[in-house]
Engineer: 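Have a look at the structure that comes next, please.
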Amino acid sequence: MSGETCPDLFELSDGNFAVIGTDRTDELDALLPADAARADYERIVVITRDTLLRAKRDIPDA
């Protein structure tokens with residue numbers, strides 16, 4: 001309603017999670033660890049630590 005945007009993490013009806021964050025693929029792609037990979041259709045999205053910690057209580061353990 002306020003027109004403001006913010007990072008968010010939410011569960012979809014199929015049980016997967018969606019993330020709204022800042023696309024930093026161009027900046028971070030070359031910095032991925034050797035054991036990490038990204039498909040062409042995937043993006044590196046950054047959310048704040050606070051966003052993830054607040055969402056943690058709503059993420060099921062299993």
Side-chain angles (χ1 to χ4, degrees):
M1 301 271 294
S2 68
E4 293 182 33
T5 60
C6 60
D8 204 352
L9 179 84
F10 54 97
E11 188 170 4
L12 302 173
S13 61
D14 64 3
N16 288 318
F17 287 87
V19 177
I20 298 172
T22 304
D23 182 353
R24 292 181 50 193
T25 305
D26 292 340
E27 176 186 348
L28 299 174
D29 199 40
L31 302 176
L32 287 174
D35 62 345
R38 180 185 67 79
D40 289 341
Y41 60 86
E42 296 174 321
R43 307 300 290 165
I44 300 170
V45 178
V46 175
I47 60 172
T48 65
R49 183 176 196 279
D50 186 56
T51 297
L52 186 57
L53 293 178
R54 287 177 185 231
K56 182 179 177 182
R57 66 176 171 244
D58 297 320
I59 300 172
D61 291 331

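The analysis underlying the following values was restricted to heavy atoms, covering all of them including side chains, and did not include hydrogens, waters or symmetry mates. Predicted model only: the values in this text are computed from it and were never measured.
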Engineer: Measure across Ala55 and Leu9 and return the closest heavy-atom pair with its distance rounded to 0.1 Å.
Structural biologist: CB-CD2, 3.4 Å
Engineer: Are any side-chain N or O atoms of Thr51 and backbone N or O atoms of Asp8, one a donor and one an acceptor, separated by less than 3.5 Å?
Structural biologist: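 It does not hold such a pair.
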Engineer: Name every donor-acceptor pair, under 3.5 Å, that has one atom in a side chain of residues 32-40 and the other anywhere in the protein, sequence neighbours excluded.
Structural biologist:
unit_1	atom_1	unit_2	atom_2	d
Arg38	NE	Asp29	OD1	2.9
Arg38	NH1	Glu42	O	2.5
Arg38	NH2	Asp29	OD2	3.3

Engineer: Is Phe10 isolated, or which residues cluster with it under the ILVMFWY side-chain rule of less than 4.5 Å, directly or via members?
Structural biologist: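 Cluster partners of Phe10: Leu12, Ile20.
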Engineer: Holding to side chain to side chain donor-acceptor pair (under 3.5 Å), I want the full list of residues that pass it with Asp14, two or more places apart in sequence or in another chain.
Structural biologist: Asn16
Engineer: Output all residues satisfying side chain to side chain donor-acceptor pair (under 3.5 Å) with Asp50, sequence neighbours left out; order by chain, then residue number.
Structural biologist: Arg54
Engineer: Under a 4.5 Å side-chain heavy-atom rule over Ile, Leu, Val, Met, Phe, Trp and Tyr, are Val19 and Leu52 clustered together?
Structural biologist: yes
Engineer: Where do Pro7 and Thr48 come nearest, in terms of heavy atoms and distance?
Structural biologist: CG-CG2, 4.4 Å
Engineer: Kindly write out the residues that satisfy side chain to side chain contact (heavy atoms under 4.5 Å, CB included) with Thr22, not counting sequence neighbours, or none if the list is empty.
Structural biologist: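 Arg24.
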Engineer: Using links of under 4.5 Å between side-chain heavy atoms of ILVMFWY residues, direct or through other members, which residues join Leu53 in one cluster?
Structural biologist: none
Engineer: Can you list the steps and then say if Arg43 with Leu28 is a side-chain contact (heavy atoms from CB on, under 4.5 Å)?
Structural biologist: CA-CA 10 Å; Arg43 307 300 290 165; Leu28 299 174; over 6 Å; no
